[in-house]
Amino acid sequence: MGFFVFKTVQDNAQHPRSHNAQRERSLLRHWLLPVEGAVALSIVLAFAWQKAVRKWPSAMVRVILWSSFGITLAVGALLMCFSMLATVGLGVAMVVFSIGTGLYACWVTRRVGFTARVFDRAVQPVDKFRGLNGPAYLMVAAGFVWISVWCVAVIGAANFRFPGLTILALVASLLWTAEVMRNVANLTASRVIALYYLRGMQSSVKFSFQRALTYNLGSACLGSLFVPTIEALRILARGLNLLEGEDEFMFSCAHCCLHVMNGVFSFGNSWAFVHIAAYGRGFVQASRSTWGQFEALPGMAALVDSDITSSVCFLTGVTSGALCVALAGSWAFVMHRHYTATVSLLAFIVGYLMTRIGMALPQACVGCYYVCYAENPRSRLFDETIPDRLHKMGEGHDPLVGTTPRLQQRRAGV
């Protein structure tokens with residue numbers, strides 16, 4: 001990052017009339033400003049989503065599910081209206097994603113009420129700890145500075161050898177760094193909330209934040225790298241396993257892949273951050289201990305496996321990213337049409353990332369709510385929300401995890 005920023009400054013200072021320097025100044029004028037505007041908008045949206053989820057959890061779950069469908073569909077149509085090949089491609093991708101989001105919203109309708117109750121109960125301890133949202137503010141501010149410097153570095157990398165591979169590496173670095181920032185905020189909130197549930201302690205937010213930036217930082221970096229990868233592959237394996245067909249070989253391969261990914265998931269999952277924060281365990285050890293507790297409590301593994309709170313937080317990021325695309329893409333289209341597609345894509349990425357950092361607090365609260373209940377289900381700090389759900393699942397009145405028709409036939413011997 002420092003090297004490419006230096007290259008940008010050097011080209012403009014030593015050779016201001018060169019082709020590279022003129023191109024870099026053009027990028028600074030027409031490419032950087034819309035992206036910075038998208039980052040500023042994403043910061044506002046991030047904490048607006050968080051505040052709304054904490055204040056009106058029952059309504060916001062439905063709002064998030066359906067607004068992500070409507071907004072991504074509208075922004076996809078807007079990109080196609082720009083009538084450029086690259087923007088049309090991005091627009092089609094957003095329209096396809098919006099259709100999938102709408103189908104998902106219909107599929108999880110039965111889980112919305114329970115998810116809203118979990119959000120409502122999980123975020124209640126936040127008001128007991130002053131300044132618990134402070135680390136999220138600091139991480140968002142750091143993210144704003146980092147993205148600004150990153151944009152200047154990308155401009156320098158555009159005139160370097162192998163610009164495509166270099167910029168791709170910088171994008172991967174940005175994604176990983178932003179995920180680490182989110183998980184630092186996650187670990188801070190998780191330690192405070194988990195110790196409240198498990199020991200009734202009023203833990204220091206400042207100390208928890210310092211611990212997340214020092215002792216737990218390695219686990220945060222490792223988890224930030226592997227958790228999104230493992231969960232994405234697990235979702236893909238589940239999707240393949242849901243496909244019904246007559247090809248026994250393909251069905252067996254899909255079922256085998258799902259079994260493998262379920263095994264890998266127990267060694268690396270997002271629930272681990274609670275035990276990392278509370279007990280200082282390593283990422284793999286914390287993943288195994290949290291998932292082991294879920295499996296030890298009848299029905300708990302199936303309940304958390306069907307949880308959609310993480311999906312709701314993910315869709316807030318997607319919705320913010322789409323709104324940032326509408327702002328930055330339109331801005332770039334008016335200022336310099338040539339940069340519309342790249343500005344729109346980058347605006348979506350930074351809008352998504354900044355919103356996920358802002359939403360780290362409610363997601364950490366939900367993680368603590370599930371993990372701490374599994375560790376001490378008799379605690380007086382928990383109500384009947386989870387036990388009632390487990391009871392319904394045990395009686396078969398509320399099946400959350402179903403099997404595919406093909407798998408049912410195989411089990412029946414058909």
Side-chain angles (χ1 to χ4, degrees), residues 41-42 44-79 91-124 182 186 228 231-232 234-236 238-239 242 270 302-326 348-349 351-367 369-370 385-386 389 392-393 398-402:
L41 175 62
S42 67
V44 175
L45 292 173
F47 292 106
W49 284 121
Q50 187 202 111
K51 181 66 175 179
V53 168
R54 289 171 54 189
K55 192 168 184 180
W56 307 292
S58 299
M60 287 308 299
V61 174
R62 291 181 174 85
V63 169
I64 291 168
L65 288 172
W66 289 108
S67 64
S68 63
F69 163 71
I71 291 174
T72 52
L73 181 63
V75 174
L78 174 66
L79 288 173
V92 170
M94 293 197 73
V95 168
V96 172
F97 181 85
S98 70
I99 294 172
T101 303
L103 294 174
Y104 177 78
C106 295
W107 183 53
V108 299
T109 300
R110 296 181 59 191
R111 307 182 194 178
V112 169
F114 175 71
T115 303
R117 289 195 298 273
V118 168
F119 266 125
D120 186 31
R121 293 294 304 171
V123 299
Q124 286 183 4
R182 181 175 78 90
N186 187 338
E231 291 187 345
R234 190 167 181 244
I235 291 171
L236 179 61
R238 280 182 165 183
L242 288 172
S270 59
L303 177 62
V304 299
D305 210 26
S306 62
D307 173 69
I308 66 169
T309 54
S310 59
S311 299
V312 171
C313 294
F314 167 77
L315 290 177
T316 59
V318 171
T319 306
S320 294
L323 291 171
C324 291
V325 169
F348 179 83
I349 292 173
Y352 169 81
L353 294 176
M354 297 297 280
T355 300
R356 292 307 306 273
I357 295 173
M359 287 293 291
L361 177 60
Q363 192 164 2
C365 291
V366 171
Y369 187 73
Y370 279 122
T385 301
I386 294 178
R389 194 69 165 186
K392 290 180 180 179
M393 291 172 62
D398 190 19
L400 292 176
V401 181

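- Taking CE of Met94 as the start and OG1 of Thr101 as the end, the distance is 9.5 Å to the nearest 0.5 Å.
- Between Ser270 and Glu231 the shortest heavy-atom distance is OG-OE2, 3.4 Å.
- Separating the CZ atom in Phe348 from the CG atom in Leu79 is a distance of 10.5 Å, to the nearest 0.5 Å.
- Minimum heavy-atom separation, Val75 to Ala322: CG2-O, 3.4 Å.
- Between the side chains of Ser311 and Tyr104, at least one donor N or O sits under 3.5 Å from an acceptor N or O.
- Partner of Ser320 under the side-chain contact (heavy atoms from CB on, under 4.5 Å) criterion, out of Leu45, Val44, Ile71: Leu45 alone.
- When all heavy atoms of Cys313 and Met359 are compared, the closest pair comes out as SG-CE, 3.9 Å.
- Between Trp107 atom CH2 and Leu65 atom CG the span is 12.5 Å, to the nearest 0.5 Å.
- Using a 4.5 Å cut-off on side-chain heavy atoms (C-beta onward), Phe114 and Leu303 make contact.
- What you find for Thr316 and Trp49 is that their closest heavy atoms are O-NE1, 3.7 Å.
- If you take CG on Leu315 and CD1 on Ile308, they are separated by 9.0 Å, rounding to the nearest 0.5 Å.
- The shortest distance between side-chain heavy atoms of Trp66 and Cys106 falls below 4.5 Å.
- Side-chain contact check for Val53 versus Ile64: some heavy-atom pair is nearer than 4.5 Å.
- Under the salt bridge (Lys or Arg N to Asp or Glu O under 4.0 Å) criterion, Arg117 pairs with no residue at all, not counting sequence neighbours.
- Pairing each heavy atom of Cys324 with each of Gly351, the nearest pair is SG-CA, 3.8 Å.
- Residues that satisfy the salt bridge (Lys or Arg N to Asp or Glu O under 4.0 Å) test with Arg182, not counting sequence neighbours, are Glu179.
- From Thr355, atom OG1 reaches atom CZ of Phe314 across 12.0 Å, with rounding to the nearest 0.5 Å.
- Using a 4.5 Å cut-off on side-chain heavy atoms (C-beta onward), Val63 and Trp56 make no contact.
- Nearest approach of Leu41 to Leu323, heavy atoms of both residues: CD2-O, 3.9 Å.
- If you take CZ on Arg111 and CZ on Arg389, they are separated by 8.5 Å, rounding to the nearest 0.5 Å.
- At least one side-chain heavy atom of Val95 sits under 4.5 Å from a side-chain heavy atom of Ile99.
- A donor-acceptor pair under 3.5 Å links the side-chain atoms of Thr72 to the main chain of Phe69, judged by distance alone.
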